[in-house]
Undergrad: 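Provided herewith is a single structure, encoded as structure tokens, for subsequent inquiry.
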Amino acid sequence: MNIFAEFQARIGAVLQGVVDSGRLPAGLDLRRFTVEPPRDASHGDLATNAAMVYAKDAKPHFANPRQLAAEICFALANDPDVAQAEAAGPGFINIRLAPKVFVDVLRAAIVAGADYGRGAASGEKVNVEYVSANPTGPMHVGHGRGAVFGDALANLLAFAGADVSREYYVNDAGAQVDVLARSAFLRYREALGEDIGAIPEGLYPGDYLKPAGEALAKQFGASLIGKPEGDWLEAVRAKTIDAMMVMIRADLAALNVEHETFFSERSLHEKKNGVSEIDRQLEDLRARGLVYEGRLPPPKGQLPDDWEDREQTLFRSTGFGDDVDRPLKKSDGAYTYFASDIAYHKSKIDRGFLKMIDVWGADHGGYVKRMNAAVKAVSDGKASLDVRLCQLVRLVRDGVEVKMSKRGGTFVTLREVVDEVGLDATRFMMLFRKNDAMLDFDLAKVIEQSKDNPVFYVQYAHARGKSIFRQAQTVFAGADLSGPALARADLALLEDPGELELVRLIAQYPRQIEAAAQAREPHRIAFFLHDLASAFHSHWNRGKESPQLRFVNEESGDLSRARLALVFSLTSVLASGLSILGVGAPSEMR
RNA sequence: GACCCCGUAGCUCAGUUGGAUAGAGCAGCCGCCUUCUAAGCGGCAGGUCGCAGGUUCGAAUCCUGCCGGGGUCGCCA
């Protein structure tokens, strides 16, 4: 039950009535106004700007917004759920709801339990692609942010009602993975007892390839030694990529991140009857005049020293909002990454995803326009792509940046961070920030078990709720404190302003879910939970000064039941929100 | 030179898709442990929302131009 959506509909009906009476023109979009919690709680429970939005259209019949507001208020006064409706300020309508409404909301929340706030299944298929880190080494903290963001976003959209599919694009084609194979081959020779000395420039030096080398030695023995690269590259590459993906998937699992689909870039390059999927898609575009041979103007500013003006295969992305046309083939004749990415997104469309979300690092920002252009071209504008960029993460310890260098051996992997600070802290901190803002990740602060740390603040609120139930169970031994039992409590007994504030926040949860999902901003959930936790801690502390406000009241079983119902729902919302973020909701924290 | 993000309290950041007197947390100052967990709570103080225009009933939010910080700019992915 979403009271904001409910009243949006009711006020829409009132406006329709005004239209029917001829005092508003027909054909207006009657959903353009908003119904929100007012910024100032003293204004009531709901506020709408409807009168101001339609004031212009109402001109001859209503001189100003306040007159239209008065008309709407008059109609709303007949609504039994409305205790008071009045025009205020420039034309806002402030609505105070009948206490019964909140009783109903709370009861509905308790009955729904973990499903409270869940959106109706829309059946809309959404593909969320995230992480997609190269299988050439361990992930760093920046990958972690994308992983956590993408995962939480997927959870959020699914909870809001979408049919979500989580996908990882494995970049197992191109020059990088050949370098990987050569690096692994060196480790293979090492595993067979050879002294390989320093790793040559241009190869991956990390120790993480040693196990891969050993695995190769185990499988192939000495049979590859001395053979030309052409004989072993393919096999070594495949084996090593597999090893890297096992490692990456383990790191993701440690972060509680999972994908349903791992899509291989190489599969797009593989020829069937002499034709690859990329060939097919590009020929398709060529037939429509969107792929052509031509020259590109050199980039403005400083010219790359190896710039050569040459004719190349280009995609006409300028026809779809990009700044320049984009190359599809490298100078060696191989396809560019963009070319395979076109075929990849086409594959998503062919698999039925007309809504696609890609989560990328901010360093790929310059790539967004061309990808959007490609999706438009390849789907005839029927599919949509929304690229969410995650800004860089600066790893910090006690306020000092942790300088990272692969060579210097001071490279900090994602796994090391998760092992050090834990999965809950890692996830929450990365989600407690807008995705497009830079993030300082302070290794010291996130484990500091203090008020400085929002993770513990929110988790503790949940634990505190559970703790209250443990206490209640000893005071009212044998009482039925289950959800269904509490839903039958006399909730009208909740009268204290602190309690009502908590109910109001609980009532906002469905709206928060909807808004966060629509904006595709999981951080809103993190901030909402923080607010909810704050209100809860605050009210709990009032029980210090005023023992009669404590949730467990030995004098009155009825009052206690009502308050426990509130705590039940509150705890449930905290657990629900935390599970969307992929963060644990502990029952106690001692 | 072009494009994309960011600029809000001393610091770190929110700001309900254009609403009412711009909010939290740290840091500072003043209070609160006989409690269902002090990993907490209450209070005080702190602001030309980078600058200048524009759009309208109304702008931190939208548009334009500057200033400052970051990122990117065929042949990496």
Side-chain angles (χ1 to χ4, degrees), chain A residues 4 34 36-40 43 47 49 52-53 55-56 64-65 88-92 94 132-134 136 169 171 173-177 265 296 298-302 304 306-308 310 312 314 322-324 326-327 329-332 334 336-338 340-341 361-369 389 391-392 399 432-434 436-438 440 442 445 448-457 459-461 463-465 467-472 474-475 508 511-512 515-516 518-519 523-524 527-528 530-531 534 537-545 547 550-553 567 588-590:
Chain A
F4 301 93
T34 59
E36 306 172 327
R39 193 168 299 231
D40 187 339
H43 288 151
N49 61 359
M52 292 184 288
V53 169
K56 245 183 199 166
N64 55 50
F92 285 100
N94 290 327
S132 299
N134 287 345
T136 54
Y169 186 44
N171 302 137
Q176 298 294 325
V177 286
E265 179 190 359
L296 227 41
K300 298 258 162 54
Q302 72 215 96
D306 58 348
W307 172 266
E308 55 167 315
R310 66 181 175 84
Q312 52 188 338
L314 297 169
D322 201 0
D323 307 315
V324 289
R326 303 292 179 176
K329 282 185 178 175
K330 304 189 259 189
S331 50
D332 66 0
T336 59
Y337 185 74
F338 180 47
S340 51
D341 229 353
D363 51 340
H364 291 60
Y367 202 78
V368 174
K369 279 187 186 177
L389 296 178
Q391 274 292 343
L392 308 180
F432 203 60
R433 174 75 84 256
K434 257 185 318 200
D436 52 5
M438 276 225 266
D440 279 0
D442 195 314
K445 268 190 186 159
E448 201 173 282
Q449 303 197 347
S450 72
K451 51 206 160 182
D452 221 355
N453 190 336
V455 188
F456 291 93
Y457 190 79
Q459 287 189 317
Y460 182 56
R464 176 167 268 170
S467 163
I468 289 168
F469 268 84
R470 284 192 294 273
Q471 166 71 11
T474 65
V475 172
Q508 280 179 32
R511 181 173 180 275
Q512 292 285 344
Q518 201 195 341
H523 77 271
R524 294 190 190 204
F527 280 94
F528 174 75
H530 193 262
D531 286 349
S534 172
H537 288 313
S538 181
H539 187 64
W540 189 89
N541 270 271
R542 284 188 200 108
K544 219 174 5 181
E545 299 279 317
R550 296 180 187 171
F551 294 106
V552 177
N553 186 320
V567 175
E588 57 181 324
M589 300 172 76
R590 289 208 178 256

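Residue numbering restarts at 1 for every chain, and letters A, B, ... go by the order of the sequence lines. In what follows, every heavy atom counts, from backbone to side chain, and hydrogens, waters and symmetry copies are set aside.
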Undergrad: Among B:A77, B:C3, B:U17, find the nucleotide with the atom closest to the side chain of A:Thr34.
TA: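 Looking only at side-chain atoms, A:Thr34 lies closest to B:U17.
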Undergrad: What do you reckon, do A:Phe92 and the base of B:A20 stack, with centroid distance below 5.5 Å and planes below 30°?
TA: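 Stacking between A:Phe92 and B:A20: present.
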Undergrad: Does B:C75 have OP1 or OP2 under 4.0 Å away from a side-chain N or O of A:Thr336?
TA: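 For B:C75, neither OP1 nor OP2 has a side-chain N or O of A:Thr336 closer than 4.0 Å.
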Undergrad: Among B:C76, B:U72, B:G19, which is the nearest nucleotide to the side chain of A:Lys330?
TA: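 Selected nucleotide: B:C76.
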Undergrad: Do the side chain of A:Asn94 and the base of B:A20 come within less than 3.5 angstrom through a donor-acceptor pair of N or O atoms?
TA: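 A donor-acceptor contact between them is present.
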Undergrad: Counting heavy atoms from C-beta on, name the nucleotide in B:C4, B:U16, B:A77 closest to the side chain of A:Asn171.
TA: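 Per side-chain heavy atoms of A:Asn171, the pick is B:A77.
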Undergrad: Kindly label the base of B:U17 as syn or anti, based on whether its glycosidic torsion lies within 90° of 0.
TA: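 B:U17: syn.
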Undergrad: OP1 or OP2 of B:C57 sitting under 4.0 Å from any side-chain N/O of A:Lys56?
TA: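 Indeed, a polar side-chain atom of A:Lys56 lies that close.
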Undergrad: Looking only at side chains, do A:Gln176 and A:Thr136 share a donor and an acceptor under 3.5 Å apart?
TA: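 Their side chains do not contain a donor-acceptor pair, so the 3.5 Å distance test is not met.
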Undergrad: For the side chain of A:Asn134, starting at C-beta, report the closest nucleotide among B:C36, B:A77, B:G19.
TA: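 The answer is B:A77, which lies nearest to the side chain.
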Undergrad: Return the orientation label for the A:Tyr337 and A:Tyr367 ring planes: parallel under 30°, perpendicular over 60°, tilted otherwise.
TA: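 Because their plane-to-plane angle lies in the 30° to 60° range, the rings of A:Tyr337 and A:Tyr367 count as tilted.
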Undergrad: On RNA chain B, compare the nucleotides closest to A:His43 and A:Trp540; which residue's is nearer the 5' end?
TA: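 In this pair, the answer is A:His43.
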Undergrad: Between B:G40, B:C36, B:U17, which nucleotide gets closest to the side-chain atoms of A:Arg511?
TA: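 Given the options B:G40, B:C36, B:U17, the side chain of A:Arg511 is closest to B:U17.
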Undergrad: Taking the side chain of A:Ala175 as its heavy atoms from C-beta onward, which of B:A77, B:G19, B:G74 lies nearest to it?
TA: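 The listed nucleotide nearest to A:Ala175's side chain is B:A77.
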Undergrad: Using OP1 and OP2 only, check whether a side-chain N or O of A:His523 sits under 4.0 Å from B:G15.
TA: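 For B:G15, OP1 or OP2 has a side-chain N or O of A:His523 closer than 4.0 Å.
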Undergrad: Tell me which nucleotide among B:A77, B:A20, B:G40 gets nearest to the side chain of A:Arg464.
TA: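 Minimum distance to the A:Arg464 side chain belongs to B:G40.
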Undergrad: Is there, by distance only and without an angle test, a donor paired with an acceptor across the side chain of A:Asp363 and the base of B:G71 below 3.5 Å?
TA: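 Counting by modelled atom types and ignoring angles, no donor-acceptor contact under 3.5 Å is found here.
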Undergrad: Does A:His530 contact B:A14 through a side-chain donor or acceptor facing the base, at a distance under 3.5 Å?
TA: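 By the distance-only test, no, there is no pair.
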Undergrad: When you get a sec, tell me which of B:A39, B:U12, B:C5 is the closest nucleotide to the side chain of A:Asp436?
TA: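 Nearest to the side-chain atoms of A:Asp436, counting from C-beta on, is B:C5.
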Undergrad: If you check every side-chain atom of A:Arg39, which of B:A39, B:A77, B:A20 has the closest atom?
TA: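 Closest of the options to the side chain of A:Arg39: B:A20.
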